[in-house]
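Read the structure below first, then the notes.
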Amino acid sequence: MVLDRNAVRQEVPVDPVTGKPYLNTVAAIQVSAAGVGSEVSPYVSQAIEVIRESGLPQETNALFTNVEGDLDDVLKVAGEAAKKLAEQGYRTSLVLHMDIRPGFTGQLTEKPKLVDEILAAKQQERQ
């Protein structure tokens with residue numbers, strides 16, 4: 001399968017284990033409890049622990065935990081992270097932003113790398 005970053009449509013790979021289409025997804029997940037005071041880190045950390053224990057590639061920044069994997073797996077871990085707080089009785093907020101891109105993998109690191117390359121080329125042009 002040939003991947004074209006500029007193509008509008010890609011061939012969808014099939015997972016050899018499940019026989020289902022593999023829909024690679026990069027997601028920004030934010031889970032928090034409402035009404036718990038000004039410091040939410042103790043609650044957020046519980047949700048992040050669920051995400052990290054999922055085994056999916058992930059990275060946490062100041063606002064989100066970015067995750068990559070098959071669409072079904074990403075949706076499952078986002079739901080489980082939200083349930084971690086909701087099942088304790090907290091009003092829970094889940095923010096989920098996803099980029100579903102069949103055929104591509106490793107985008108958690110490749111997307112920032114591509115942006116850095118574009119910016120470096122622009123900088124070279126200015127000099």
Looking at [X] and [Y], what are the two nearest heavy atoms and their distance?
X: Val77; Y: Ser54; result: CG2-CB, 3.5 Å
X: Gly103; Y: Pro13; result: N-CD, 3.5 Å
X: Thr109; Y: Pro112; result: O-CD, 3.3 Å
X: Pro102; Y: Leu23; result: CG-CD2, 3.8 Å
X: Leu63; Y: Gln30; result: O-NE2, 3.0 Å
X: Tyr22; Y: Gly69; result: OH-C, 3.6 Å

Under a 4.5 Å cut-off applied to non-hydrogen side-chain atoms, are [X] and [Y] in contact?
X: Lys83; Y: Val50; result: no
X: Leu85; Y: Gln88; result: yes
X: Asn24; Y: Gln107; result: yes
X: Thr65; Y: Arg52; result: no
X: Leu75; Y: Leu96; result: yes
X: Leu56; Y: Glu68; result: no

Value rounded to 0.5 Å, distance of [atom1] in [X] from [atom2] in [Y]:
X: Lys84; Y: Glu53; atom1: NZ; atom2: CD; answer: 8.0 Å
X: Arg126; Y: Gln124; atom1: CZ; atom2: CD; answer: 11.0 Å
X: Gln46; Y: Ser32; atom1: CD; atom2: OG; answer: 11.0 Å
X: Gln58; Y: Ile29; atom1: CD; atom2: CD1; answer: 9.5 Å
X: Asp4; Y: Phe104; atom1: CG; atom2: CZ; answer: 7.0 Å
X: Asn66; Y: His97; atom1: CG; atom2: NE2; answer: 10.0 Å

Inset, instruction - Check the surroundings of atom CZ in Arg9: do more than 12 heavy atoms from other residues, nucleotides or ligands lie under 6.0 Å from it? - result: no
[Y] reachable from [X] in the ILVMFWY side-chain graph, under 4.5 Å edges:
X: Leu71; Y: Val67; value: yes
X: Val36; Y: Leu94; value: yes
X: Val74; Y: Val12; value: yes
X: Ile48; Y: Val40; value: yes

Inset, instruction - Applying ring pair (Phe, Tyr, Trp, His ring centres under 6.0 Å), name anything that partners Tyr43, two or more places apart in sequence or on another chain. - result: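 By the ring pair (Phe, Tyr, Trp, His ring centres under 6.0 Å) rule, Tyr43 matches Tyr90.
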Legend entry - Name of the residue among Asp72, Asp70, Asp15 meeting side-chain hydrogen bond (donor to acceptor under 3.5 Å, both in side chains) with Lys20: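 Going through Asp72, Asp70, Asp15 one by one, the side-chain hydrogen bond (donor to acceptor under 3.5 Å, both in side chains) with Lys20 is satisfied by Asp72 alone.
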